[in-house]
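See below for the structure under consideration.
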There are 2 protein chains.
Amino acid sequence: MVTLKDVAKKAGVAVSTASYALNNNPKISETTRNMVLTAANELDYRPNGTARNLKKQKTETIGLFLNDLAGPYYSEIIRGVQKVVSDNEYDLVVCSASGGTDSTAYKFLQERRVDGAVILAPKITDKEIYQVARTQLPVVVLDRKLESDYIKYVLIDNVNGSYQAVTHLINRGYKNIGFLSGPEESYDNKERYEGFSRALNDNNFLFDENLLFKGDFTEEEGYKVISKFLKNDISIDALFAANDEMAIGAIQAIKENNYQIPNDIAVVGFDDIRLSSYINPPLTTVRHPKYEMGTFATHMIFQILQGAATESIVLPTQLINRESS
Amino acid sequence: MVTLKDVAKKAGVAVSTASYALNNNPKISETTRNMVLTAANELDYRPNGTARNLKKQKTETIGLFLNDLAGPYYSEIIRGVQKVVSDNEYDLVVCSASGGTDSTAYKFLQERRVDGAVILAPKITDKEIYQVARTQLPVVVLDRKLESDYIKYVLIDNVNGSYQAVTHLINRGYKNIGFLSGPEESYDNKERYEGFSRALNDNNFLFDENLLFKGDFTEEEGYKVISKFLKNDISIDALFAANDEMAIGAIQAIKENNYQIPNDIAVVGFDDIRLSSYINPPLTTVRHPKYEMGTFATHMIFQILQGAATESIVLPTQLINRESS
DNA sequence: AAAATTTATTGAAACGTTTCACTATATTTA
DNA sequence: TAAATATAGTGAAACGTTTCAATAAATTTT
């Protein structure tokens, strides 16, 4: 492994000179700089990032920590984060947060291997986030309402989004609206249920607890739960799913039971994932600005790193009317 | 920032003792270990990963370098890589390779911030890969045929896959088969074209150069190119697209021009992305084992790290027959 | 021509760990 | 009881950089 010391020796200068030369410090004369550069070239020298990071006490790297690296849902958020990180000439690493306290996410946060973090990973607890956040490690969360000097949030208006979706169903004349729920502890799920409830209340509907279906945000579970329900009963004429994945599973189940969508049963989802516009029938859903979540969140990280003030924000949603309702 | 020194001072022991204690070295007595542990707790000590990495000369981190972090195509590969990395109790970071020599991927490779790399990023040149690969940084490539002591590849049998797809079209009686191509310099594209050509040859078809459509692997471009073609001409009865994204764009174009799929024009894609089975009509395509690409590649990395022998491999593909052909 | 300033280079400390080689004490063996 | 061994803890070097403070040489100012 060739180090700066080797380069310096070969160039016949001090290590410090070599360092300055390679970093284009103006104190170094043109001639010595060239000597160092050629030496470095000939030896095929590569600076050691770890050593630099240790000395400089920063990594110029932002971490994006996700529960599931591969979720289709995240694509646009990743793009947004990537954009702002590169604009600031920082690096981005995306890490998994599954696996609790020995997840990569947790380690990277604890061990200061990033200078800032965008978190969309319910598995990381509030407590852990409070522990790691500080000036040199600002955190922006996308999956909960958490705030302190170094912690900000970027959320979407879940309540309003589902309120609109459900109101839309009511306006179209649907009477018995089911709720296909995500995991109970999920912040997004809770908020979406809240919007659902409020819309019912405001229209003097009362909610039949039997129409609350418990899913887990996966297509598979949406399919299973609704299949099972339709075997015995068909007391719903509309279904609001807490996310698109489950809505897509539900649609599958409904079609397999030979009900018409939206005539017999209407379906509305939440998220507007790519798939939603391609399925049959195309899914009515609540769109939210995923790319912007990424850009805003990352922008906030850099604001905090620079000591500037920032405010947490809640982004608006938009109902996308398609043929499933 | 509380360091090991602070912990040692508080516990009244030497720094080395504190280090041994925290790392559960058996040389340390139960009592001192506890003293150190309580001190660490009280001070809320977090070890500095960068310092440890520097000293240990390794990061226990594997990098997965992708052209586009957000591509839907990558999901399963990521899952596969993640699996094997966690099984080996290493960490995974996924980084973008867009941006050439100042991409994060390039920097991480150069600066030894990972101990091994899985690369699926045509933007990183062969030369760069040759430069960085070595015992302490084995590389497995998924997008080209590159090999040395520390570089292995995991590829899919592109030629055979498209050969089968095209043979399938011929067997069904299609006569005028177009090829919707990806970027010309893409390894995958070249191989897929090769399989296409061979299938035509072996069946004594000769290829009309006018039926070679130049796309870039995106849905949008597939749509545009085929739309334009269908405006003037309809001399094809089948289309083989070098990937599913373009096939999906083509299907859209064909439907908009009021041709029936597969009666007027059949379409076959390559990759079997999730969307392909949901669109209308469901897309016939060539499936390849993405998850396994990830697991095999990562497994090979660890083999090399442990000084064991490994062989590059080519994985088989499978024709998935759906209603678009 | 001496003093002051600028320019180019350097040695050494520091970043926060790990780990080798050593010492002091306690325990066992002959 | 002396010698040998085991146990528990320590000091210091090392990992590869960056950067401060110091110095030497060259240039400018008085």
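So that the names make sense, note that chain A is the first sequence line, chain B the second, and so on, each numbered from 1.
In this entry the distance linking CE of B:M1 with P of C:dT17 reads 10 Å, nearest Å. C:dC15 atom P lies 19 Å from atom CZ of B:R52, rounded to whole Å. At whole-Å resolution of the value, CG in B:N25 and P in D:dT10 are 13 Å apart. Remark: C1' of C:dT18 and NZ of B:K55 are 5 Å apart, rounded to the nearest angstrom. The nearest whole Å value for the distance from the CG atom in A:N48 to the P atom in D:dT17 is 5 Å. Rounded to an integer number of Å, the gap from B:L4 CG to C:dT18 C1' is 9 Å. Per the geometry, NZ belonging to A:K5 stands 13 Å off P belonging to C:dG11, to the nearest Å. As rounded to whole Å, 21 Å separates atom P of D:dA14 from atom NZ of B:K58.
A side-chain donor-acceptor contact under 3.5 Å links B:T59 and B:D115. Side chains of A:E42 and A:T38: a donor-acceptor N/O pair is absent below 3.5 angstrom, by distance only. A donor-acceptor pair shorter than 3.5 Å cannot be found between the side chains of B:D188 and B:S186. Side-chain atoms of A:S29 and A:T32 include a donor-acceptor pair closer than 3.5 Å.
Distances shown here put a side-chain N or O of A:N23 below 4.0 Å from the OP1 or OP2 atom of D:dT18. At C:dT17, one or more side-chain N or O atoms of B:Y45 fall inside 4.0 Å of OP1 or OP2 (strictly under the cut-off). Listed pair B:Q57 / C:dT18 fails the phosphate criterion, with no side-chain N or O lying under 4.0 Å from OP1 or OP2. One finds a side-chain N or O of B:S19 lying less than 4.0 angstrom from the OP1 or OP2 phosphate oxygen of C:dT18. Side-chain nitrogen and oxygen atoms of A:S16 include none within less than 4.0 Å of the OP1 or OP2 phosphate oxygen of C:dA12.
Within the nucleic acid shown, B:A14 comes within 4.0 Å of sugar-phosphate atoms alone, with no base atom in reach, counting heavy atoms only. Backbone-only engagement by A:R46 is indicated by non-hydrogen atom pairs under 4.0 Å involving sugar-phosphate atoms exclusively. B:N53 comes within contact range of no nucleotide atom at all, as no heavy-atom separation falls under 4.0 Å. Residue A:T32 is classed as a sugar-phosphate contact, given heavy-atom separations below 4.0 Å to backbone atoms only. Counting any heavy atom pair closer than 4.0 Å across all strands shown, B:T17 reaches a base atom. Among the heavy atoms of the strands, none lies under 4.0 Å from A:R112.
Closest approach to the B:K27 side chain among D:dA8, C:dC15, D:dC15 is made by D:dA8 (side chain taken as heavy atoms from C-beta onward).
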- Using the side-chain hydrogen bond (donor to acceptor under 3.5 Å, both in side chains) rule, take B:T61 and A:R113 through it: C-alpha gap first, then chi angles, then the decisive distance, then the call. CA-CA 12 Å; B:T61 302; A:R113 287 173 61 179; 2.8 Å; yes
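A side-chain contact (heavy atoms from CB on, under 4.5 Å) with B:I28 is found for exactly one of B:N34, B:N23, B:T17, namely B:T17.
Both B:K56 and B:I28 lie near DNA chain D, and the one whose nearest nucleotide falls closer to the 5' end is B:I28. Both A:T31 and A:V15 sit near DNA chain C, but only A:T31 has its closest nucleotide nearer the 5' end.
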